[in-house]
Number of protein chains: 2
Amino acid sequence: MISVLIADDHTILRQGLVSLLSNDPDILVLAEAADGLSAVQKALELKPMVIVIDISMPELNGMEAVKRLHEQLPEAKVLVLTMHEEQEYVIHMVRAGASGYLLKDSASDELIDAVKALAQGKTYFSQYAASVLATMSLKPAEMWDDPYRNLTSREREVFHLIIEGKTTKDIARSLDISVKTAENHRGKVLDKLQVANAAELVRYAAKYNLLI
Amino acid sequence: MISVLIADDHTILRQGLVSLLSNDPDILVLAEAADGLSAVQKALELKPMVIVIDISMPELNGMEAVKRLHEQLPEAKVLVLTMHEEQEYVIHMVRAGASGYLLKDSASDELIDAVKALAQGKTYFSQYAASVLATMSLKPAEMWDDPYRNLTSREREVFHLIIEGKTTKDIARSLDISVKTAENHRGKVLDKLQVANAAELVRYAAKYNLLI
DNA sequence: CTTGCTCTAGGGGTTTTCCCTCATTTTTAA
DNA sequence: TTAAAAATGAGGGAAAACCCCTAGAGCAAG
């Protein structure tokens, strides 16, 4: 019997998953969680064999939750179930400790296969995720992180202010630094993320789900 | 017996919905569709009483699909099931002909209630959607559309070029107009959408799912 | 046929962005 | 502890963005 915890903030989807997984005689759904924090808590309490988790959740996002689960409950296997196709998501989640990655538009049979694979200590990656990981493994390690990760903390502050539509003067004021310094940070951000202007930067942010 | 068609591009969610609805003895799921176009085709063919549809779908987005369904199969009731909380989505979908609007994080009981309500010719709106519509009905009709709708066709062209990160010079070249004209259009777009700069414009585009 | 809207184009201005360079101090890591 | 990286600040300049304004041509509706 495979015990499973399901974490997803969309109730209907979550209940649909419970319904799907419960149809299989080998699978027992222990509990559900609607946010990352309660997912970690319930996992530590109930010690499920497999945790099915979505990336985007309130309280504690999926990535942080996976990290904590992997640290505090390494014997539990984490299956990421998401609609995010971005390469970076796959990589980040795997590095955070996920044993499987499945897109929400895959078939429900695949979900059950994945849960069973993880319960047996195997990994399970969708066609897409597997190919991303295969491609990535050919690149040098320093290329793995998306450029946003290469920003310094100050640069990230500036980054977020730019994508809020703030001007350099606004940024200088809100960070209490000189306009010239803010300008320098701005330049470095654009340079590091390889975009030409603020508009492209916001596109970048949208692409990586960095817009609050 | 209530016949239902389910349209959602995420296979797992879709199958979860089928599983949930099939548990109810009064509901019969006739078919599923993974994109807007096939949803319309299958609806015209099978003539379901209720169509459960997601907004964001490939081929033909939910809004267009709802519009066509309402025109070509007015006797079928459309229930929009989505994770989009944006006010504008609710309004647009209702104006397109939806009889119900449900968020994906509502409970599955609510989904079944909604399907039954629509089958009886009633409407069903989630707490949130209902309040949005209540608030909107107090505003004058010309305020209903989001500002993007007020752009002229030329302004929309410019809009899309701006959110691609193009400079005014680029825009002038690509539309074969003078830089000054492009500048004027740019100004009008920013003014009509009430944003201060290109960065905010891209945010706006992201908010309304206008980023390609 | 006038009124209004759109598209076009320009004048002239201020502000902001973007791109270099250089330099000091602080923090971090080897 | 020394070297590297980060944060700070500034000068100067070219380009772009932003904000006024006017104005003609075309087109559709009243």
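Side-chain atoms are counted along with the backbone in the values below, which use heavy atoms only and exclude waters and symmetry mates. Chain identifiers are assigned alphabetically (A, B, ...) following the order of the sequence lines, protein sequences preceding nucleic acid strands; residue numbering begins at 1 within each chain.
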**Request:** Rounded off to whole Å, could you give me the CD1-to-P distance for the A/Ile171 and C/dT15 pair?
**Result:** 18 Å

**Request:** Could you state the atom-to-atom distance from NZ of B/Lys192 to C1' of C/dT6 in whole Å?
**Result:** 9 Å

**Complete:** Ranking D/dA17, D/dA16, C/dC18 by distance to the side chain of B/Lys169, first place goes to D/dA16

**Item:** A/Ala7 to A/Ala39 - nearest heavy-atom pair and separation
**Value:** CB-CB, 3.7 Å

**Asked** Is it true that a side-chain atom of B/Arg203 and a backbone atom of A/Ile163 form a donor plus acceptor pair closer than 3.5 Å?
**Response** yes

**Asked** Hey, mind stepping through B/Leu111 and B/Leu21 against side chain to side chain contact (heavy atoms under 4.5 Å, CB included) and telling me if it holds?
**Response** CA-CA 8 Å; B/Leu111 173 64; B/Leu21 290 174; 4.1 Å; yes

**5'-most by nearest nucleotide on DNA chain C - A/Arg186 or B/Glu155** = B/Glu155

**From CA spacing to verdict: salt bridge (charged side-chain N to carboxylate O under 4.0 Å, His left out), A/Glu183, A/Lys180** = CA-CA 5 Å; A/Glu183 212 175 301; A/Lys180 269 299 179 184; 3.4 Å; yes

**Any B/Thr152 side-chain N or O less than 4.0 Å from OP1/OP2 of C/dC7** = yes

**Prompt:** Can a side chain N or O of A/Thr167 be found less than 4.0 Å away from OP1 or OP2 on D/dC18?
**Reply:** no

**Message:** Can you see whether A/Thr181 engages A/Asn184 through a side-chain donor-acceptor pair at a distance of less than 3.5 angstrom?
**Reply:** no

**Prompt:** If the sugar-phosphate is the primed atoms plus P, OP1 and OP2 and the base is the rest, what is the B/S/- string for nucleotides 8-14 of chain D, using protein heavy atoms under 4.0 Å?
**Reply:** BBBBB--

**Item:** Evaluation steps, salt bridge (charged side-chain N to carboxylate O under 4.0 Å, His left out), between B/Glu45 and B/Lys42
**Value:** CA-CA 5 Å; B/Glu45 187 186 323; B/Lys42 287 182 182 175; over 6 Å; no

**Item:** Check ion pair B/Glu157-B/Arg154 (N to O, under 4.0 angstrom)
**Value:** yes

**Item:** SB check B/Asp54 B/Lys104 (cutoff 4.0 Å)
**Value:** yes

**Message:** Using five pairs at each end of the helix from C/dC1-D/dG30 to C/dA30-D/dT1 to define an axis, what is the angle between those two axes, to 10°?
**Reply:** 60°

